[in-house]
Amino acid sequence: MSYSSEEVRVWLSKCAARMIASSAELNALDAKLGDGDLGATLEKCGELMQVAMTDHRDTPSDHFKACAMACSRASGSSFGTLMAVAFMTIAKETVGRDKIEACEVVDYIDTVNKALLSRGRSNLGDKTALDSLEAIRAEIAARGVSTNLHEIAHQAAVKAIKDFRGLPNKIGRARMFADKSIGLEDPGMVAVLRIIGPALSE
Amino acid sequence: MSYSSEEVRVWLSKCAARMIASSAELNALDAKLGDGDLGATLEKCGELMQVAMTDHRDTPSDHFKACAMACSRASGSSFGTLMAVAFMTIAKETVGRDKIEACEVVDYIDTVNKALLSRGRSNLGDKTALDSLEAIRAEIAARGVSTNLHEIAHQAAVKAIKDFRGLPNKIGRARMFADKSIGLEDPGMVAVLRIIGPALSE
Amino acid sequence: MKKLFNNPNDYADETLEGMCLAFPNHYARSGETGRVITRQGVGEQGKVGIVTGGGSGHLPVFAGYCGSGMIDACAVGNVFAGPSVADCMDAIKAANGGAGVLRLYGNYGGDRMNFDMAGEMLELEGIETTTVLTADDVASAGPEEAEKRRGVAGMVYAFKIAGAAAKAGANLAEVTAIAQKAADSCRTIGVALTPCSVPEVGKPTFEIGEDEIEMGMGIHGEPGIWRGALASADEIAQEMTERVATELDLQAGDRVSVLVNSLGATPHEELFILYRVVARFLAEQNVSIVTPLVGRFATSMEMTGASISMFKLDNELEGFLNAPTDCPFWSPA
Amino acid sequence: MKKLFNNPNDYADETLEGMCLAFPNHYARSGETGRVITRQGVGEQGKVGIVTGGGSGHLPVFAGYCGSGMIDACAVGNVFAGPSVADCMDAIKAANGGAGVLRLYGNYGGDRMNFDMAGEMLELEGIETTTVLTADDVASAGPEEAEKRRGVAGMVYAFKIAGAAAKAGANLAEVTAIAQKAADSCRTIGVALTPCSVPEVGKPTFEIGEDEIEMGMGIHGEPGIWRGALASADEIAQEMTERVATELDLQAGDRVSVLVNSLGATPHEELFILYRVVARFLAEQNVSIVTPLVGRFATSMEMTGASISMFKLDNELEGFLNAPTDCPFWSPA
Ligand SMILES: Nc1ncnc2c1ncn2[C@@H]1O[C@H](COP(=O)(O)OP(=O)(O)O)[C@@H](O)[C@H]1O
Ligand SMILES: Nc1ncnc2c1ncn2[C@@H]1O[C@H](COP(=O)(O)OP(=O)(O)O)[C@@H](O)[C@H]1O
Ligand SMILES: [Mg+2]
Ligand SMILES: [Mg+2]
Ligand SMILES: [Mg+2]
Ligand SMILES: [Mg+2]
């Protein structure tokens with residue numbers, strides 16, 4: 001199974017729409033532990049991505065690069081930059097190819113997450129969006145690539161939030177309130193879930 | 001009847017002591033309509049005057065001049081300056097004489113008050129210490145100089161406060177709160193009464 | 001009252017002590033009480049001296065503006081209280097270089113009384129003095145009673161102009177005349193959002209609602225023109241700008257300096273937001289802005305609020321405004 | 001929240017608009033979003049460029065320090081939020097005169113991430129960049145974890161030194177080295193009395209009791225070392241001075257610059273009251289103070305509080321500290 005440039009464009013467009021739609025919820029979550037701008041950041045990223053995704057491009061890589069540019073313009077907040085880094089990383093990984101193979105997704109997520117850990121100087125277990133990505137990667141790796149990639153990712157993202165809720169935040173603004181963060185959902189982890197979108201059964 | 005240089009010195013010393021004693025009351029009154037420093041001002045003036053009045057001088061004028069200097073050092077607030085002007089004026093009026101005649105007191109008060117009105121750019125009726133001085137002058141003028149000069153002054157000062165209580169302040173900081181000042185005693189008028197000291201019968 | 005100080009009664013003295021410790025090449029304490037600040041090189045023979053004075057709590061006004069090409073000596077009172085007559089005398093004596101001394105200060109009854117008396121007493125000692133009062137606050141009285149107006153932030157223009165003229169060698173009459181011209185060419189209005197606290201008093205100087213502002217309030221909390229709901233910065237600035245500009249009778253081609261001044265807590269960010277409105281207003285009238293000043297020039301300690309001043313220039317005023325000075329507080333921002 | 005602004009989302013942009021209107025000969029907006037401030041004459045061929053950046057709400061930090069002999073270009077975020085990667089890129093491009101660009105900014109995770117990424121992306125375009133992070137806040141981590149410390153008011157020394165070195169013709173490696181030396185030679189601690197409000201949020205950044213202060217709080221309200229009762233200015237200043245001085249290992253004969261900085265609302269009067277304590281402390285150790293700075297250099301809008309920085313000098317640093325600059329905000333008071 002593989003994804004064409006056009007399929008990637010449509011998928012990114014839908015992600016963008018979901019980012020915009022979850023703005024209020026994510027602002028509220030970030031307000032508890034950070035500066036309350038996570039929703040605004042995703043909204044701005046989403047808007048710029050939607051505009052960028054109206055153009056049809058030859059390769060998935062071109063679309064990812066355009067999204068990277070969009071996110072690097074959107075905001076100075078962490079999540080926007082992390083998205084920009086993620087998109088830029090995958091754009092580089094896939095450069096020159098006209099489609100993406102589903103079986104490579106696990107490797108891409110791994111590469112992206114390594115880039116993000118290095119850029120953000122954080123570690124797995126710090127209770128961030130990157131723990132969600134890692135959970136998704138691990139789950140896909142364990143269960144194998146299938147047509148229900150989306151379902152697998154969704155379940156993994158839900159479980160990650162639950163698994164980390166009781167732990168303290170160890171990086172970012174929320175680290176300032178590490179004690180307070182125990183028992184609360186990390187806003188960035190919830191953002192990952194929202195970007196993936198609802199389970200098909202929901 | 002006349003007052004020697006020594007009698008003047010002792011009288012000024014007692015005034016100074018009364019100024020210090022009334023500090024708290026006058027601060028509180030000034031706080032209602034002004035900046036609450038009238039008592040502090042009188043206290044400082046009184047302290048410097050007391051020090052100045054430990055020296056024996058040849059003439060009443062020398063004592064008044066020393067008090068003028070004391071008050072001009074004490075504070076930048078209005079009452080201190082008015083006292084300095086008053087003492088300087090009477091020092092000039094009596095210069096070179098070794099005693100003061102009781103029958104001249106009415107004229108001295110008049111001269112002092114004219115100097116104060118001009119220096120403070122205020123008018124009689126503005127509800128200030130000067131209205132008290134004028135009431136004292138008028139009462140002495142009407143009843144004639146007698147040994148109970150102090151009683152006459154005291155009664156006039158008490159009556160002036162009562163007569164002006166219902167009127168608005170028209171000058172100084174209290175003017176900013178003209179409406180609020182109706183029904184309140186002008187702090188400077190009370191200061192005059194306190195400087196005179198209690199009636200003998202009190 | 002949340003402030004950084006020791007004994008409330010030492011607030012003014014310790015301020016001056018620190019200021020002179022920090023800038024010993026610029027400021028020195030003098031006078032019997034140490035309540036007179038003089039500039040480096042004060043009392044220069046043959047130069048007209050300029051003294052000012054007023055209460056503490058308004059830095060850089062007043063003492064901060066001592067400097068070469070600015071004020072020579074300043075008499076300093078307690079917070080929001082005038083300087084004593086004796087300190088005014090000491091300041092005048094310090095500033096005297098034999099060519100006479102201009103008393104240049106804000107139009108407040110108490111200060112006037114004290115400076116007048118100090119001047120009179122020193123005339124006996126043969127020091128010639130003149131007086132110019134700054135009275136730029138348009139909110140404090142109508143134009144027909146302009147002589148009753150308070151002096152607020154606009155006084156810094158008069159300090160700068162008079163100081164530069166004196167430094168350039170003008171005589172007492174000339175320095176007095178140009179100081180008066182500077183005072184007459186400036187108008188200011190303030191707006192207050194929250195009060196400050198005088199250390200000796202220990203509570204806020206006035207009360208104001210959580211969403212209220214007072215247009216035209218004075219720098220000691222004197223009553224203004226109206227109290228009402230906090231509006232947008234643009235609306236507030238527009239009203240202030242119009243009130244100030246009306247009186248200056250500006251014509252296309254005129255040149256003005258604009259001073260957007262914080263009363264203390266209002267940050268530079270917000271001064272710049274206000275400045276946009278003034279700049280747009282003047283641009284529409286083809287009036288050009290020269291040497292704008294945006295910052296804290298005349299404050300009320302930690303009061304929140306701002307004032308807007310306009311200073312109408314001619315060639316002479318503009319030259320003196322831009323003349324060099326070594327005052328640590330004279331900076332455009 | 002009592003502040004002067006219009007739409008909260010326009011706070012940063014309107015600040016920059018006003019700043020550039022007021023000082024058009026010093027500042028210009030550039031970049032795709034207008035969120036890059038450049039100095040007059042930016043991009044001078046052959047000169048090493050210096051960029052900084054960070055959130056709005058700290059004026060003069062960051063954008064205010066653009067100027068000849070200071071910063072070349074600054075990327076500006078929303079209030080208390082970092083600049084975007086794209087704005088960082090635009091700032092670096094603007095500052096580039098072909099001799100490389102130093103990224104010089106405060107040690108905050110988000111800013112670091114964005115500047116790093118901007119630098120990496122521009123290396124593909126052949127612009128050579130280096131990084132120096134300022135991390136002067138001794139309250140934000142112990143000396144053994146100094147690399148985790150936040151950059152606060154002391155960064156203005158690094159701006160001044162690096163800017164002067166670049167202006168003097170130093171190459172990228174040299175400018176980077178002296179900027180690092182400046183960053184390493186400075187220590188700061190702050191104390192907060194009352195919070196400020198971020199316009200987009202609309203409520204105070206933190207809560208604190210009516211008589212409480214927080215020693216060591218950061219300029220965005222980051223937690224400090226202790227919370228306790230408001231003490232006298234001298235006691236507070238003494239603790240701050242000791243905490244800062246300890247780490248600099250001062251010896252008799254050393255020379256330091258001292259920066260007593262208001263976080264916004266704290267008035268100049270109180271900064272001078274604090275300054276006395278620092279001056280006395282250093283005098284006792286026979287350390288001399290050179291070029292003290294007392295005023296608002298790195299603020300948190302209308303926050304009440306102050307910080308004390310010491311900057312240990314050698315001949316090279318002292319020369320650059322006193323080199324001329326035309327920045328409107330560079331003034332000792
Ligand atoms: N250094 C980091 N590494 C990885 N993830 C991070 C990092 N910093 C923040 N995050 C994630 O981003 C989320 C917050 O994003 P955002 O609100 O944009 O950050 P901020 O406003 O604090 O810059 C956090 O909940 C966390 O999941
Ligand atoms: N211009 C004036 N002329 C006459 N009396 C005045 C004047 N100003 C103030 N006073 C008197 O002084 C009193 C206040 O004195 P003080 O507290 O020293 O003044 P302030 O602190 O306002 O300078 C008033 O109650 C009034 O009686
Ligand atoms: Mg956030
Ligand atoms: Mg943010
Ligand atoms: Mg009073
Ligand atoms: Mg007073």
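Naming: A, B, ... by sequence-line order, numbering from 1 per chain.
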Task: Test item: C:Ser300 side-chain N/O and C:Ile219 main-chain N/O as donor-acceptor pair under 3.5 Å - done: yes
TODO: Run the salt-bridge test on D:Arg29 and D:Asp13 with the 4.0 Å N-O cut-off and return the result as yes or no.
DONE: yes
Open item on the list: For the backbone of D:Ser197 and the side chain of D:Thr205, can you confirm whether one donor and one acceptor N or O come within less than 3.5 Å of each other?
Closed with: no
Task: Nearest atoms (heavy-atom pairs only) where D:Pro195 meets D:Ile208 - done: CD-CG2, 4.1 Å
Open item on the list: As an exercise: rank D:Val260, D:Leu193, D:Thr194 by heavy-atom pairs under 4.5 Å with chain C and give me the winner.
Closed with: D:Leu193
Open item on the list: Between D:Met19, D:Glu17, D:Glu269, who has the most heavy-atom pairs with chain C when the cutoff is under 4.5 Å?
Closed with: D:Glu269
Task: Heavy-atom pair count under 4.5 Å with chain C, highest-scoring of D:Met301, D:Arg280, D:Glu235 - done: D:Met301
Task: Contact winner vs chain D - C:Leu274, C:Val277, C:Leu59, heavy-atom pairs under 4.5 Å - done: C:Leu59
Task: Exam field: side chain C:His26 to backbone C:Gly67, donor-acceptor pair closer than 3.5 Å - done: no
Task: Among D:Asp211, D:Asn7, D:Asp234, residue most engaged with chain C (heavy-atom pairs, under 4.5 Å) - done: D:Asp234
Open item on the list: Please identify, among C:Pro292, C:Pro328, C:Pro199, the residue contributing the most non-hydrogen atom pairs under 4.5 Å to chain D.
Closed with: C:Pro328
- [ ] For a ring pair (Phe, Tyr, Trp, His ring centres under 6.0 Å) with D:His268, tell me which candidate from C:Phe297, C:Phe23, C:Phe329 qualifies.
- [x] C:Phe329
- [ ] Counting only heavy atoms closer than 4.5 Å, note whether C:Phe272 contacts chain D via side chain, backbone, both or neither.
- [x] both
- [ ] Taking all non-hydrogen atoms of both residues into account, name the closest pair between C:Thr299 and C:Ser262 and its distance.
- [x] CG2-O, 3.5 Å
Task: D:Met310: which of D:Thr241, D:Thr188, D:Ile289 passes side-chain contact (heavy atoms from CB on, under 4.5 Å) - done: D:Thr241
Open item on the list: At a 4.5 Å cut-off on heavy atoms, which part of C:Tyr11 comes close to chain D: side chain, backbone, both, or neither?
Closed with: both
- [ ] Side chain from CB out, backbone as N, CA, C, O: work out which of these in C:Ala279 comes under 4.5 Å of a heavy atom of chain D, or both, or neither.
- [x] side chain
Open item on the list: Is D:Ile273 in contact with chain C via its backbone, its side chain, both, or neither, using a 4.5 Å heavy-atom distance?
Closed with: both
Task: Portion of C:Asp10 that has a non-hydrogen atom of chain D nearer than 4.5 angstrom - done: neither
Task: Part of D:Met1 within contact of chain C (heavy atom distance under 4.5 Å) - done: backbone
Task: Residue part contacting chain D, namely of C:Leu21, when any heavy atom lies under 4.5 Å - done: both
